[in-house]
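Take a look at the structure set out below.
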Amino acid sequence: MKIVLVIDQFDDSNNGTTVTARRFANQLRLRGHEVVILAGGEPCEGKVCAPIHRIPLFQKLIESQGMCFAKPDAEAYYTAFKDADIVHFYMPFRFCRRGEELARQMGIPTVAAFHVQPENITSTLFLGKKKRVNELLYRWFYHVFYNRFDHIHCPSAFIAKQLEKRSYGAKLWVISNGVDDRFVPMQVERAPELADRFTILMIGRLSGEKRQDLIIEAAKKSRYADRIQLVFAGKGPKEAAYRRKAKGLHHPPVFGFYSQDELYKLINMCDLYVHASDAEIEGISCMEALACGMVPVISDSGLSATGQFALCEESLFRAGDSDDLARKIDYWIEHPQEKKAYAEKYARAQDENRVQACVARAEEMYRQAIHDKKHKGYRRVPLSRWRRLTSPNCDTIRRRFCKGGAVMTMLFWAFTTLISPILWLINKVWFGLRVEGRENIRDLKGGAVSVMNHVHPMDCTMAKVALFPSRLWFISLASNLHKPFTGWLVRFCGGVPLPENVHDMAELEQGMEARVRGGAFVHFYPEGMLVPYHRGLREFRPGAFALVSRTGCPVVPMMLCMRPAQGIMRWRKKPCFTLRIGKPLYADEALTKKQAARDLEQRVKEAMLSLDFQADLPAQELCAFPENCG
């Protein structure tokens with residue numbers, strides 16, 4: 001399979017989600033799959049880069065948490081998603097939300113992962129214990145992202161229960177993030193600063209919900225405080241505060257960020273692992289420590305899944321209670337033989353969570369998602385009340401188009417004809433639009449199918465102007481008509497939404513045939529997905545050419561070309577447009593319908609490329625900024 005992993009950050013292993021994505025990618029490749037990473041940051045092999053999205057005022061806080069956000073980029077999405085079998089989204093933020101919309105447009109099966117616990121966000125804003133705020137985030141995650149998926153990856157049974165409790169409705173796959181094979185018990189020479197001390201380790205971001213402050217308090221209260229050495233592996237906004245809090249300890253804590261190659265050695269140098277976090281979806285760092293044979297003391301917080309790994313009562317302490325944590329630390333210091341016996345048990349217990357087994361389970365999820373997409377289609381997403389009020393009703397539009405009442409058709413054609421001069425003026429003044437090749441369609445009798453590359457959100461209005469005064473219908477994605485206010489513009493240009501099920505698709509195809517035979521133009525974007533200012537052509541979908549082969553009508557190739565802004569249009573920072581209309585082409589009647597459609601598709605693509613004068617122009621002549629061109 002070709003699998004695309006979409007995540008905001010992939011470069012730095014400074015958070016559990018990124019570490020998980022990197023391990024999954026490596027293991028999937030070892031199992032013979034082609035894996036493409038779509039993320040922000042620096043380019044590397046097998047990765048498609050998107051720009052970094054910087055948020056004013058909050059950027060320093062975001063970076064202190066070891067995070068960054070990627071900015072949606074249509075060219076990057078297309079490059080990564082092309083020919084993909086499935087797309088796996090990791091975050092419910094803007095980058096993944098836009099990616100899901102475009103994957104849906106391209107007809108690619110998708111799955112999502114739930115890696116962001118609301119408490120991870122609210123704790124940073126000092127609202128971690130506000131239940132209403134956390135519930136609001138759970139609902140928001142669902143309504144803007146997770147309600148679009150039939151399959152959701154949950155790293156633990158705990159978070160699966162949380163989603164089930166909140167009626168997420170998808171199939172929840174409980175698949176651990178997995179422990180790398182490097183994390184095993186081994187003999188490691190201790191660092192000099194750790195020699196002759198009882199070393200307690202915690203791995204994780206230095207942030208409020210991780211509760212490193214409890215470990216510092218417990219170390220001060222321990223009967224063996226003079227022997228204890230604390231090591232905090234991680235970075236975050238609380239480091240300065242924790243250094244101040246640690247004053248008074250016999251041995252100052254060690255703070256540092258460690259690579260994965262350094263981490264397993266560090267774990268094997270330490271004596272006890274403490275996981276004090278109040279909120280945790282799984283706790284991959286704790287799992288790694290256990291796999292190395294460390295005995296843990298874990299918080300029993302009701303918002304943390306990590307407590308499931310405790311094998312005895314002495315490995316659990318009451319959440320938020322530093323006195324109880326100090327007692328459990330003292331117990332393990334006083335019982336070294338029992339600790340040694342449990343170390344072997346903890347190491348063996350993590351064998352079933354090795355990353356190979358987890359990726360095998362993920363493969364099963366991918367195959368099921370691909371099967372369900374093929375036989376059931378995408379999960380239908382209910383429109384919000386705002387979108388229902390501000391966008392046209394797609395079912396009504398499609399029904400009227402398919403039934404084709406003569407009076408309603410003439411009234412709608414008259415209305416759209418009246419707005420065509422306004423659209424011409426807007427396109428001329430704002431985009432510098434020129435139309436060439438109208439003489440190629442003057443002698444056409446009856447209806448036709450027109451096809452054009454899809455490189456601008458307003459290119460439907462440009463096609464409307466170019467084919468004026470013919471009756472024109474656009475076959476469009478329903479999401480384009482669902483957009484508040486702008487959906488009405490698509491509708492007024494003759495937009496007809498694609499349905500989400502096979503039955504309605506058959507009805508729409510009959511409606512298109514009737515419109516073409518009635519003398520109208522039916523307009524297609526065979527590339528499907530909009531990629532602004534993309535140079536050249538992308539892969540075509542066969543729908544338009546199948547319609548031509550069935551009806552025997554001509555197909556009119558059109559190419560929207562970009563040219564450098566000159567003269568009065570130099571105020572534009574982006575290129576101007578020229579819409580070129582080619583000569584009509586017909587299907588080869590000597591071929592079967594299927595063969596004729598494929599042959600026609602190839603000839604139309606060649607005709608469109610021959611119209612593309614921008615292919616001879618260097619990118620720097622077309623636009624001032626690289627992001628404006630594909």
Side-chain angles (χ1 to χ4, degrees), residues 7-9 14-20 55 58 61-67 69 90-93 96 112-146 152-168 172 174 176-177 202-215 232 234-239 241-242 274-287 296 298-310 316-322 325:
I7 185 171
D8 287 81
Q9 174 180 295
N14 53 8
N15 65 82
T17 304
T18 300
V19 170
T20 297
I55 303 175
F58 295 98
L61 177 62
I62 293 168
E63 290 175 354
S64 72
Q65 296 285 339
M67 278 293 298
F69 292 110
Y90 274 77
M91 301 284 198
F93 304 127
C96 286
F114 200 96
H115 285 286
V116 182
Q117 193 174 0
E119 287 79 7
N120 296 144
I121 299 173
T122 55
S123 294
T124 304
L125 304 174
F126 307 103
L127 297 171
K129 296 184 179 180
K130 301 293 183 181
K131 292 184 178 181
R132 290 185 179 180
V133 178
N134 292 320
E135 285 298 323
L136 183 64
L137 271 179
Y138 269 114
R139 290 200 297 271
W140 184 75
F141 285 166
Y142 176 76
H143 286 295
V144 301
F145 188 61
Y146 289 104
I152 298 176
H153 166 210
C154 299
S156 65
F158 158 76
I159 201 62
K161 289 179 181 177
Q162 297 296 312
L163 302 189
E164 186 177 356
K165 177 182 176 181
R166 290 163 178 86
S167 303
Y168 268 52
L172 305 176
V174 179
S176 171
N177 288 324
M202 180 172 176
I203 305 169
R205 282 179 292 115
L206 304 178
S207 57
E209 81 277 12
K210 300 298 183 182
R211 298 307 305 270
Q212 285 90 346
D213 58 307
L214 282 175
I215 304 176
F232 296 115
K235 61 182 180 179
K238 287 282 190 178
E239 181 173 343
Y242 289 157
V274 176
H275 200 82
S277 181
D278 283 340
E280 198 77 71
I281 285 182
E282 185 180 28
I284 188 67
S285 58
C286 183
M287 296 167 61
I298 306 170
S299 168
D300 67 355
S301 170
L303 297 175
S304 173
T306 318
Q308 66 180 310
F309 301 119
L316 283 175
F317 76 95
R318 288 192 298 272
D321 190 339
S322 60
L325 175 55

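Note that the numbering runs from 1 along the sequence shown for the chain.
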Roughly how far, to the nearest 0.5 Å, is the [atom2] atom of [Y] from the [atom1] atom of [X]?
{"X": "Leu325", "Y": "Leu316", "atom1": "CG", "atom2": "CG", "result": "11.5 Å"}
{"X": "Asp213", "Y": "Ser322", "atom1": "CG", "atom2": "OG", "result": "9.0 Å"}
{"X": "Ile7", "Y": "Cys96", "atom1": "CD1", "atom2": "SG", "result": "7.5 Å"}
{"X": "Phe114", "Y": "Phe145", "atom1": "CZ", "atom2": "CZ", "result": "10.5 Å"}
{"X": "Tyr90", "Y": "Thr18", "atom1": "OH", "atom2": "OG1", "result": "10.0 Å"}
{"X": "Phe317", "Y": "Leu214", "atom1": "CZ", "atom2": "CG", "result": "5.5 Å"}

Does a side-chain heavy-atom distance below 4.5 Å link [X] with [Y]?
{"X": "Asn134", "Y": "Lys131", "answer": "no"}
{"X": "Gln117", "Y": "Leu303", "answer": "yes"}
{"X": "Val116", "Y": "Pro92", "answer": "yes"}
{"X": "Glu119", "Y": "Asp278", "answer": "no"}
{"X": "Tyr138", "Y": "Leu163", "answer": "yes"}
{"X": "Phe158", "Y": "Ile281", "answer": "no"}
{"X": "Ser176", "Y": "Met287", "answer": "yes"}
{"X": "Ser299", "Y": "Arg211", "answer": "no"}

Going by salt bridge (Lys or Arg N to Asp or Glu O under 4.0 Å), name the residues that satisfy it together with Asp300, two or more places apart in sequence or in a different chain.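 By the salt bridge (Lys or Arg N to Asp or Glu O under 4.0 Å) rule, Asp300 matches no residue at all.
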
Any idea which heavy atoms bring [X] and [Y] closest together, and the distance?
{"X": "Thr17", "Y": "Met91", "value": "CG2-CE, 3.8 Å"}
{"X": "Cys154", "Y": "Ile159", "value": "CB-CG2, 3.6 Å"}
{"X": "Ser156", "Y": "Gln308", "value": "CB-NE2, 4.0 Å"}
{"X": "Thr122", "Y": "Val133", "value": "CG2-CG1, 3.7 Å"}
{"X": "Thr306", "Y": "Gly283", "value": "OG1-CA, 3.9 Å"}
{"X": "Val174", "Y": "Ala160", "value": "CG2-CB, 3.7 Å"}

May I have the step-by-step check of side-chain contact (heavy atoms from CB on, under 4.5 Å) for Met202 and Lys210, ending in yes or no? CA-CA 9 Å; Met202 180 172 176; Lys210 300 298 183 182; 4.1 Å; yes

Residues in ring-ring contact (aromatic ring centres under 6.0 Å, His included) contact with Phe309, at least two apart in sequence or another chain: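 By the ring-ring contact (aromatic ring centres under 6.0 Å, His included) rule, Phe309 matches no residue at all.
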
Donor-acceptor pair, Tyr146 side chain versus Ala113 backbone, under 3.5 Å?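 Pair found, side chain donor or acceptor close to backbone of Ala113.
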
So, Gln212 side chain and Arg205 main chain: donor-acceptor pair closer than 3.5 Å or not? yes

Could you give me the CA-CA distance, side-chain angles and deciding distance for Glu280 and Glu209, then say whether side-chain contact (heavy atoms from CB on, under 4.5 Å) is met? CA-CA 9 Å; Glu280 198 77 71; Glu209 81 277 12; over 6 Å; no

Please check if the number of heavy atoms outside Glu135 that lie under 6.0 Å from its CD is greater than 12. yes

Under the criterion side-chain contact (heavy atoms from CB on, under 4.5 Å), I'd like the reasoning laid out for Glu282 against His115: C-alpha separation, chi angles, the key distance, then a yes or no. CA-CA 9 Å; Glu282 185 180 28; His115 285 286; over 6 Å; no

Relative to the ring of Phe69, is the ring of Phe93 parallel (under 30°), tilted (30 to 60°) or perpendicular (over 60°)?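 Perpendicular.
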
As a quick check of understanding, evaluate side-chain contact (heavy atoms from CB on, under 4.5 Å) for Ser285 and His275, giving each step before the final call. CA-CA 9 Å; Ser285 58; His275 200 82; 3.8 Å; yes

